Visitor: 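Mind looking over this structure? Questions follow.
Letters go in sequence order (proteins before strands), and every chain restarts at 1. Being a predicted model, the structure only gives us computed values, none of them experimental.
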Amino acid sequence: MPELPEVETVVRELQSIEGKVLDSLVSYWDRTIEEPVKGFLKALKGREVSRVFRRGKYICLEIDSGDFVTIHLRMTGKLVFEPTERDMNYARVEFIFKDKSKLYFIDIRKFGRIKRWPAKEPFLPTLGPEPLMEDDVYEALKSCRSVRDIKKVLLDQSVLTGVGNIYADESLFLSRIHPLTSLQKVSTVKLKKLSSVIPQVMHAAINNMGTTLSDYRNTKNVGGENQNYLRVYGQTGLPCSVCKTSIEKIVVGQRGTHFCPKCQRQSK
DNA sequence: AACAGCACCTGTAGGC
DNA sequence: TGCCTACAGGTGCTGT
């Protein structure tokens, strides 16, 4: 599922578990938790979740021991308080708090990961800056020496963290940049445009509670609304909202990539 | 060192 | 209807 806006939506709701104390947990698919379940539980049992926040696409729990726990939803993960019957077929981890409330990690494709970061170790050390402010985005892209296609650079979480396939395509469309343009060939004017567009796209999607294409749901099992505002993602063959040219789909770095061949001319 | 390619999983949509 | 293939919003490992 989820890119930054979807994770942000989940995190805002999940802040309701701040102050709760973890009592036990059930693992239905051991590879979801990236360490032996026994040790994971031992480190967290009786501990309070002091803070819930987001970093890139990671849901982060600060534990009163000083450890952190991250939850990454990857493609199909979701966290729900009241799973449906169907959800339970895909339950991977069940957190049980001291007040008897439960939080379920549901994940059809089993790609999602839950990881504990001991207090003394570096926390999420490889992530780039958040793409929420124009200056940060511009600085990150300007200082990146990569010659890769701009689309690939936007998906590189060490350059910017939180942009995924949908919002990369949407941002490139709004900036009128062809996805196969090498980062080094993007003009300063276009790079500035892109740097202002990405935060706008992110904030708009957050306001729409994220994009729901199939699996993404918030903690109340409700989808977002941002899919109604996509300009190119998933619009293959439909007329461009600006010029009516048919939206095309190509593959860039093994990811489906949508763009308007007229608005986003490839300048070599 | 940077980068490409594939592995990880299951469900669903579309073609025949 | 049923079988088969291709594809899906992400990341991390491996090899070049």
Side-chain angles (χ1 to χ4, degrees), chain A residues 1-10 28-35 54-60 70-79 84 86-93 105-115 117 124-128 131 143-173 179-180 182-184 198 201-202 205-206 208-218 223-237 249-259:
Chain A
M1 78 176 216
E3 309 181 27
L4 184 152
E6 292 73 32
V7 178
E8 178 66 25
T9 301
V10 169
Y28 299 97
W29 179 256
D30 281 353
R31 281 153 68 173
T32 298
I33 297 177
E34 295 196 39
E35 74 179 290
R54 180 192 58 73
R55 178 81 175 93
K57 302 174 194 171
Y58 291 83
I59 297 160
C60 306
T70 56
I71 302 167
H72 200 302
L73 305 170
R74 294 282 179 95
M75 302 285 266
T76 55
K78 62 178 180 179
L79 287 165
T84 64
R86 175 181 154 92
D87 283 341
M88 287 310 290
N89 296 330
Y90 308 105
R92 307 306 178 202
V93 176
F105 183 64
I106 311 293
D107 185 20
I108 291 176
R109 287 175 72 180
K110 299 178 176 170
F111 285 177
R113 290 292 179 267
I114 297 173
K115 182 177 166 74
W117 302 75
L124 291 171
T126 62
L127 297 186
S143 62
C144 179
R145 297 283 157 243
S146 175
V147 296
R148 284 174 294 167
D149 304 326
I150 185 70
K151 170 71 189 272
K152 287 187 192 169
V153 172
L154 292 183
L155 296 181
D156 183 341
Q157 302 296 298
S158 70
V159 177
L160 284 173
T161 184
V163 180
N165 206 32
I166 297 174
Y167 302 118
D169 284 3
E170 293 298 308
S171 299
L172 289 172
F173 170 77
L180 288 176
S182 165
L183 172 63
Q184 302 306 323
I198 290 175
V201 166
M202 292 292 156
I206 290 169
N208 290 325
M209 312 281 278
T211 299
T212 293
L213 297 178
S214 57
D215 299 297
Y216 164 67
R217 297 292 185 278
N218 67 14
E225 294 295 330
N226 199 64
Q227 62 279 7
N228 300 319
Y229 303 95
L230 298 178
R231 313 290 287 271
V232 286
Y233 186 88
Q235 310 298 305
T236 314
K249 183 179 180 185
I250 58 175
V251 175
V252 182
Q254 293 126 237
R255 317 300 303 283
T257 297
H258 313 71
F259 69 105

Visitor: Quick one: label A/L213 by what it contacts on the DNA or RNA (base, sugar-phosphate, nothing), any heavy atom closer than 4.0 Å.
Guide: base
Visitor: A/I166 has an atom CD1; how far is it from atom P of C/dA8, in whole Å?
Guide: 12 Å
Visitor: Within the structure, does a side-chain N or O atom of A/Q157 lie under 4.0 Å from either OP1 or OP2 of C/dT11?
Guide: yes
Visitor: Do you know the tightest heavy-atom contact between A/C60 and A/R54?
Guide: SG-C, 4.4 Å
Visitor: Check salt bridge (charged side-chain N to carboxylate O under 4.0 Å, His left out) between A/D156 and all other residues, then give those that pass, not counting sequence neighbours.
Guide: A/R148
Visitor: If you look at every strand shown and take non-hydrogen atoms under 4.0 Å, does A/R86 touch a base, only sugar-phosphate, or nothing?
Guide: sugar-phosphate
Visitor: Nearest whole Å is fine: how far is C/dG10 P from A/L127 CG?
Guide: 14 Å
Visitor: Have A/E6 and A/Y167 got a donor and an acceptor in their side chains that come within less than 3.5 Å?
Guide: yes
Visitor: Start at the 5' end of DNA chain B and walk down; is the nucleotide closest to A/R109 or to A/S146 reached first?
Guide: A/S146
Visitor: Say we look at C/dC7 and B/dG5: how far apart would their P atoms be, to the nearest angstrom?
Guide: 16 Å
Visitor: Could you check whether A/T211 and A/N226, counting side-chain N and O atoms only, form a donor-acceptor pair closer than 3.5 Å?
Guide: yes
Visitor: Compare side-chain N and O positions of A/H72 against OP1 and OP2 of C/dT11 and report whether any pair is under 4.0 Å apart.
Guide: yes
Visitor: Of all the heavy-atom pairs spanning A/K57 and A/Q157, show the shortest one and how long it is.
Guide: NZ-NE2, 3.4 Å
Visitor: Before accepting this row, confirm whether a basic side-chain N of the pair A/R109/A/D215 lies closer than 4.0 Å to the acidic partner's carboxylate O.
Guide: no
Visitor: What contact category does A/R113 fall into here, base, sugar-phosphate, or nothing, at under 4.0 angstrom with non-hydrogen atoms?
Guide: nothing
Visitor: Side chains of A/D107 and A/T76: do they bring a donor and an acceptor to under 3.5 Å?
Guide: yes
Visitor: With heavy atoms under 4.0 Å as the rule, sort A/T211 into base, sugar-phosphate or nothing.
Guide: base
Visitor: Are A/R231 and A/E170 within salt-bridge range, i.e. N to O under 4.0 Å?
Guide: no
Visitor: Between the protein and nucleotides 12-16 of chain C, list every N/O to N/O distance that falls short of 3.5 Å.
Guide:
none

Visitor: Are the side chain of A/Q227 and the backbone of A/G224 linked by a donor-acceptor contact shorter than 3.5 Å?
Guide: yes
Visitor: State which residues pass ring pair (Phe, Tyr, Trp, His ring centres under 6.0 Å) with A/Y233; sequence neighbours excluded, sorted by chain then number.
Guide: A/H258
Visitor: Considering only atom P, compute the distance from B/dC9 to C/dC4 and round it to an integer number of Å.
Guide: 23 Å
Visitor: Take atom OH of A/Y216 and atom P of C/dG10, then tell me their distance rounded to the nearest Å.
Guide: 14 Å
Visitor: Just the rounded figure in Å: distance from C1' of C/dA8 to NZ of A/K110.
Guide: 17 Å
Visitor: Please list, in 5' to 3' order, the outermost nucleotides of DNA chain B lying under 4.0 Å from any heavy atom of chain A.
Guide: B/dC3 to B/dT12
Visitor: Rounded to whole Å, how long is the line connecting atom CZ of A/R255 with atom P of C/dT11?
Guide: 8 Å
Visitor: What distance, rounded to whole Å, do you find between the two P atoms, one in B/dA1 and one in C/dT11?
Guide: 23 Å
Visitor: Could you work out, with side-chain contact (heavy atoms from CB on, under 4.5 Å) as the rule, every residue matching A/T126, not counting sequence neighbours?
Guide: none
Visitor: Assess, by modelled atom type and distance only, whether the side chains of A/T257 and A/K151 contain a donor and an acceptor separated by less than 3.5 Å.
Guide: yes
Visitor: Just to be sure I follow the notation: if a pair is Watson-Crick (purine N1 to pyrimidine N3 plus N6-O4 or O6-N4) or a G-U wobble (N1-O2 and O6-N3), each under 3.5 Å, what dot-bracket string does DNA chain B give, with | for pairs to another strand?
Guide: .|||||||.|||||||
Visitor: Categorize A/Y167 for me: base, sugar-phosphate, or nothing, with a 4.0 angstrom heavy-atom threshold over every strand shown.
Guide: nothing
